[in-house]
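Here the structure is laid out as structure tokens; the discussion comes afterwards.
Lettering follows sequence order; numbering is per chain, from 1. Only heavy atoms go into these numbers, but all of them, side chains included; no hydrogens, no water, no symmetry mates.
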Amino acid sequence: MFKYISKRLLMMIPVLIGVAFIIFTIMDFTPGDPARLILGEYAAQEDIDALREEMGLNENFFVRFGTYVKGAVTGDFGKSYRNNLPVSNEVGSRLPTTLKLTFLGMTLAVFIGIPIGVLSAVKQYTIIDNVTLIAALLLTSIPGFWLGLMMILFFSLRLDLLPATGIDSMKHFIMPSITLAAGTMATLIRMTRSTMLEVIRQDYIRTAKAKGGNEKRIIFIHALRNALLPVITLVGVNFGILLGGAVVIEAVFAIPGLGTLMIGAVRAKDTPVLIATVTCIALIGGLITLIVDILYIFIDPRIKSQYVKGSR
Amino acid sequence: MKKKRVMLVLTWALIAVFLLPGCGGSANNGSGDAAKKDSLVYSIVGEASSMDPVKANDSESQKYHYQIYDGLVREEIDGKLVPALAESWTVSEDNKEITFKIRPNVKFHNGDTLTAEDVVFSINRSIAAPATKKVTSSMEAAEKIDESTVKLKLKFPFPAAIGCMSSGNMMIVSKKAVEADPEGFARNPVGTGPYMLKEWRSGDRVIFESFADYYRGEAAIKNVTYRIMSDNTTAVLSLEKGETDLRDVLQIADVPNVKANQNLKYYEVEMPCYYLISFNNEKGIFSNKKVREAVSYAIDREAVLLGALNGEGEVVEAAMVPTLDAYPKDFKANPYDPEKGKQILAEAGYPNGFTVTFKTAESATYSKPSEIIQQQLKAIGITANIEKMEWAAWQADCIAGGKYEITFWAMPITTSDPDFATYAAFHSSMRNGNGNFALCNLPEMDALLEKSRITTGTERNEVFRQICELVKEESILIPVYNGRRRVAAHKDLLGVAASPVNKLYCYDYSWAE
């Protein structure tokens, strides 16, 4: 088990370097000069050249990349081109906010989406099923910014229940988390529903019912556990998507998170910040995938047997 | 099956009931906090990259600087220059030297007293910095004459130099503080301004606190918070909710909401800017003067203004910022006459028109008018293919690199002097990314520009009129329209006005009793 985990962790290192390499290359090939963007449209060419020299932008591509990786390995992620602050500070100050938002969103999606999916499957073709299917359709189709703005309009302005923008208290996170969770919630509802429907039809469920088992126990312990595998995969994948995709939510609710930092870095051609942010997201995404894989072991004894020693 | 249908319809009805409250106007529900008297929350679009006045030259960063620093001269929101850290000044006969008398007993945020050394240090530091060239290009050096006198030497006679001293790049900093921590000064500024930087939460907000020993007396509002909100719709919602009190950028679509809201007040003023069509005068198809002239007859300015800003702006006919005195009154550009345009195009050798690429920045401010102009060009036979480019890329190609044929751009000025709208834009020495993006190269123009720098008084305005005439004759670029600066604020916030020079001094604000 430990061997497996450490192998997975080691495998992440080339992935991260690869991500950094891709970002570096893309930033290099896109037009636009960070020095010119710092000094403004009317700066003299000599000043721009001098600043480029100072920033080390005139070196060969591989030299620059090598210097960056060398620094990153020792914990020095360089300084932001835009405001000269250490990148680790910039990312570090926003990471907790983004993580909080993503975790809350994911928790909402899981704890509302999965039970509703189960309910929908068990009560197939009733009004509950129809309502949830339409709700899921709406949640997927509604653009995040529209949902967010409508929520602010309704809950913040009309009803005066919740604060509109910012991150000062837990209350501030309610609407952004719901908006963020919306799309994933819909996917989870439908996925859970379809896997549950499949599982409910299986022979072993009929056997359990025939044996006279408690209805709730059958649904949640026997059926759901079997249906959970694809759903958990979805949760893992969507976590990565949510981490990076919160940009719109952050703009709508004025939340200082990683998404806003990323977009700002792209616009200012701030390569150090961009690489650090994207690599950070890749790292977290990779860790979540690893956790999901480990969760499989606990859910499905068949998979567990492959990893536990001495069971062959 | 019928039962299922009915169920489905009922379900939709249920959902619709929940969505309905979201439609329609927003009822005003601002929470009236009486304990707000001591604080102001200002929702600002961008975050400052640095609090060091010589490191940041974008207008967003400077909105922060104006609260914590003073310059020798201050530009009031009506454009007038008044003494600030300099009590008075005299200009030499040849317009090449300015002598400032420094105000005594001015304190820095760290308790030190302002000295002539701080002034000399700040000015020379600014002159040496690469990011401030636009403002310091005329300046040679500052030197201390005595404890309360500083002389600024200019490289050439420049009447607009006093205006430059009010720029955010020329604010006075504490020499001791900068020398103690040159890198950290950007986050720990020490100035003489009405507010001190209390806390900076990256990406979220910047908190200012009033400075008790400010030379003009402590500010009326003790706590000012800049909350960073990039989205304009969110900012208006938070204004309506009462979470913020002031916003200085508004979308046109939000203006009716703000005007209708009982708790908010709306202000607008013409911008010190104009929007224009620029040609590459040096290379390509528009290097032919007749071709440019043809385009000048094809532009219906009213139509472009209507499409771009819903008519909320003014048409501009002369190549000069309309809020300045130097704007030539009753100047008329070539009239809208597509037939004549077609005719001139034929004379130029293109009776069947031609195809050209119209590069534009992707932001709606520039791409929307570009599309309207595309239609107008079609009417005289020119097929313009619009190429929307990301900001940095467009800047590299059009503003700096001269790699374009025709584009849509603006001429904003940050200091209220016509020199900033003409010299760098039209002088042949300013090509190669130094401001002459139309790549204008006319000895006649150079002569006029140089003359404008040594003439004073009403004669100077006459020189600028001649420059506008020359731009019209050569069709170097075509001015089209000007927009408005919009501000929305809580109705009880006094002292607010839309500033054409984009300087909102929180020092001037107070809450109504």
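The environment of E53(A) atom CD is sparse: at most 12 non-hydrogen atoms of other residues, nucleotides or ligands sit within 6.0 angstrom. The environment of NZ in K123(A) is sparse: at most 12 heavy-atom neighbours from other residues, nucleotides or ligands sit within 6.0 Å. Applying the 6.0 Å contact sphere to CZ of F29(A) captures no more than 12 heavy atoms from other residues, nucleotides or ligands.
Side-chain N or O atoms of E243(B) include one that pairs as donor or acceptor with a backbone N or O of A164(A) at under 3.5 Å.
Here the straight-line distance linking atom CZ of F253(A) with atom CG of L237(B) works out to 10.0 Å at 0.5 Å rounding. Annotation: the span from N84(A) atom CG to R187(B) atom CZ amounts to 10.5 Å, rounded to 0.5 Å.
The contact between D168(A) and chain B is made entirely by side chain atoms (from C-beta outward), counting heavy-atom distances below 4.5 Å. Contact annotation for N89(A): neither backbone nor side-chain heavy atoms come within less than 4.5 Å of a heavy atom of chain B. Interface residue D204(B): backbone and side-chain heavy atoms are both found under 4.5 Å from chain A. At a 4.5 Å heavy-atom cutoff, the contact between L149(A) and chain B is made by backbone and side-chain atoms alike. Contact annotation for E250(A): neither backbone nor side-chain heavy atoms come within less than 4.5 Å of a heavy atom of chain B. Of the atoms belonging to L85(A), it is side-chain heavy atoms, and not backbone ones, that fall under 4.5 Å from chain B. If you measure heavy-atom distances from P163(A) to chain B, the contacts under 4.5 Å come from both the backbone and the side chain. Only the side chain of R94(A) has a heavy atom closer than 4.5 Å to any heavy atom of chain B. In this structure, no portion of T260(A) lies under 4.5 Å from any heavy atom of chain B.
Shown here for P31(A) and A393(B), the closest heavy-atom pair between the two residues is CG-CB, 3.3 Å. The minimum heavy-atom distance between A254(A) and I228(B), with the atom names listed, is CB-O, 4.0 Å. When all heavy atoms of L37(A) and A392(B) are compared, the pair lying nearest together is CD1-CB, 3.8 Å.
Counted by atom type alone, T165(A) and R227(B) present one or more donor-acceptor pairs between their side chains at under 3.5 Å.
When each of V252(A), I152(A), L261(A) is checked for heavy-atom pairs under 4.5 Å with chain B, V252(A) comes out on top. By number of non-hydrogen pairs under 4.5 angstrom with chain A, the leading residue of G203(B), S238(B), A235(B) is G203(B). In terms of non-hydrogen atom pairs under 4.5 Å with chain B, the most contact-rich of I38(A), I255(A), N83(A), T126(A) is N83(A). Of the listed residues (R201(B), K55(B), E47(B)), the greatest number of heavy-atom pairs within a distance under 4.5 Å of chain A belongs to E47(B).
Listed by chain and number, the residues in a side-chain hydrogen bond (donor to acceptor under 3.5 Å, both in side chains) with Y42(B) are D248(B) (sequence neighbours excluded). Residues passing the side-chain contact (heavy atoms from CB on, under 4.5 Å) test with P115(A), sequence neighbours excluded: none.
Looking at D160(A) and K241(B), a side-chain N of the basic residue comes within less than 4.0 Å of a carboxylate O on the acidic one, giving a salt bridge.
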